[in-house]
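What follows is a set of notes on a single structure, which appears directly below.
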Amino acid sequence: MVLHEPDLGPADQVIIAVDANSRDTTEAEHLLHELLGPEAADVVACTHVVTGERPHIAVSVVSTTDAVGELADRTRAWSAEGSIGSAITWPGASGPELSGPSALVRGAYLAAIESALGSTGRLVRFPGSEQARGVMTALELRERCGIDQVEALGGQAVEDNSLVDTRDFIRPVRRDGKVVLLVQPAAGGVLIPFEVEHQQKCCADH
């Protein structure tokens with residue numbers, strides 16, 4: 001596979017992508033918690049499906065150059081141990097910084113590209129995500145929580161005043177550069193996120 005370097009975003013943007021061969025989104029989110037820690041702010045963190053003979057999940061983190069040094073060092077240390085593949089893109093660099101086993105580097109690099117393009121991916125942390133608490137209208141989700149579009153499965157119309165019980169857990173997806181929250185009908189005439197919270201106490205406590 002030839003890795004072609006796309007336009008990887010704004011001049012101060014750093015993308016760190018990691019493939020640890022996570023089996024599912026629960027493992028991938030645990031990886032993100034270990035990578036970022038509870039203090040991380042002003043980041044966009046996503047999970048990405050890596051297709052192929054053994055489909056699995058990679059992750060990506062986008063931040064600015066002045067906030068990413070420790071994160072990059074931690075990623076390099078993990079890569080040196082051979083436990084992950086990583087791809088780090090720096091502003092002005094001629095190419096990505098790649099490290100780790102080749103099969104996992106491929107997944108990390110693909111995750112970095114998807115993150116840069118905003119073409120796909122499942123958002124775990126992003127500006128506004130911390131505001132998604134309790135029952136909110138679709139308009140409030142768009143205005144306060146970084147959501148571009150609230151979309152109901154089955155083609156049901158979602159109005160500005162449609163009520164969404166966030167259950168304090170939203171995992172929107174990226175689609176063509178937009179952040180889309182998928183929802184479904186629930187009891188009581190409200191909508192709930194299509195993806196409900198996993199039973200992952202270890203991550204919830206981080």
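Fair warning: this is a prediction, and the values are worked out from it, not measured in the lab.
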*Test side chain to side chain contact (heavy atoms under 4.5 Å, CB included) on Ile192 and Val183 and set out the steps.*
CA-CA 5 Å; Ile192 61 172; Val183 295; over 6 Å; no

_Step-by-step side chain to side chain contact (heavy atoms under 4.5 Å, CB included) determination, Val61 to Val44_ = CA-CA 6 Å; Val61 176; Val44 176; over 6 Å; no

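His48 and Thr120 are not linked by any side-chain donor-acceptor pair at a separation below 3.5 angstrom, with hydrogens and angles left out of the test. Judged purely by distance below 3.5 Å, without hydrogens or angles, the side chains of His56 and Asp24 never pair a donor atom with an acceptor atom.
Side chains of Asn161 and Leu139 form no contact here, defined as non-hydrogen atoms less than 4.5 Å apart. With contacts defined as side-chain heavy-atom distances shorter than 4.5 Å, the pair Glu81/Arg76 does not qualify. In this structure, Met136 and Cys145 have side chains that are in contact, with non-hydrogen atoms separated by less than 4.5 Å. Taking 4.5 Å as the limit, every side-chain heavy atom of Val164 sits out of range of all side-chain heavy atoms of Val135. Looking at heavy atoms from C-beta onward, Val14 lies in side-chain contact with Ile88 at the 4.5 angstrom threshold. Using a 4.5 Å heavy-atom cutoff, the side chains of Thr137 and Ser162 are not in contact. The shortest side-chain heavy-atom distance between Leu35 and Thr75 falls under the 4.5 Å cut-off. Looking only at side-chain heavy atoms (C-beta outward), Leu181 and Leu141 come within less than 4.5 Å of each other.
Atom CG of Leu32 and atom OG of Ser22 lie 8.5 Å apart (nearest 0.5 Å). Atom NE2 of His33 is separated from atom NE2 of His30 by 9.0 Å, given to the nearest 0.5 angstrom. In this structure, Phe126 CZ and Ile147 CD1 are separated by 4.5 Å, a value rounded to the nearest 0.5 Å. With rounding to the nearest 0.5 angstrom, the CG atom of Leu191 is 10.0 Å from the CG atom of Leu153. Here the SG atom belonging to Cys46 is positioned 4.0 Å from the CZ atom belonging to Arg174, to the nearest 0.5 angstrom. Note that CD of Glu151 and NZ of Lys178 are 12.0 Å apart. Values are rounded to the nearest 0.5 Å.
A salt bridge (Lys or Arg N to Asp or Glu O under 4.0 Å) with Arg171 is found for exactly one of Glu195, Glu29, Glu197, namely Glu29. Among Val173, Val124, Thr26, the single residue meeting the side-chain contact (heavy atoms from CB on, under 4.5 Å) criterion with Thr47 is Val124.
Heavy atoms only, all atoms of each residue included: Asp19 and Ile57 are closest at OD1-O, 4.1 Å. For the pair Ser86 and Ser79, the tightest heavy-atom approach, listed with the atom from each and the gap, is OG-OG, 2.8 Å. For the residue pair Val62 and Ser115, the shortest heavy atom distance occurs at CG2-OG, 3.1 Å. Closest non-hydrogen pair, Gln156 versus Pro185, comes out as OE1-CG, 3.2 Å. Smallest separation of non-hydrogen atoms from Ala138 and Val158: CB-CG1, 3.8 Å. Closest heavy-atom contact between Gly134 and Asp168: N-OD1, 2.8 Å.
Checked for salt-bridge contact, Asp148 and Arg175 miss the test: no charged N lies under 4.0 Å from a carboxylate O. Between Arg74 and Glu34 no salt bridge is recorded (no basic side-chain N to carboxylate O distance below 4.0 Å).
Hydrophobic cluster membership is shared by Val179 and Ile15, with clusters built from Ile, Leu, Val, Met, Phe, Trp and Tyr side chains linked at under 4.5 angstrom. One hydrophobic cluster holds both Leu36 and Trp78 under the rule that ILVMFWY side chains link at heavy-atom gaps under 4.5 Å. When the side chains of ILVMFWY residues are joined at heavy-atom separations under 4.5 Å, either directly or via intervening members, Ile84 and Val50 end up in two distinct hydrophobic clusters. Hydrophobic clustering, with ILVMFWY side chains joined whenever heavy atoms are under 4.5 angstrom apart, groups Val180 together with Phe194. Hydrophobic clustering, with ILVMFWY side chains joined whenever heavy atoms are under 4.5 angstrom apart, groups Trp90 together with Leu71.
Applying the 6.0 Å contact sphere to CD of Glu70 captures no more than 12 heavy atoms from other residues, nucleotides or ligands. Residue-environment remark: CZ (Arg23) stays at or below the threshold of 12 foreign heavy atoms within 6.0 Å.
By the salt bridge (Lys or Arg N to Asp or Glu O under 4.0 Å) test, Glu114 pairs with no residue at all, sequence neighbours left out.
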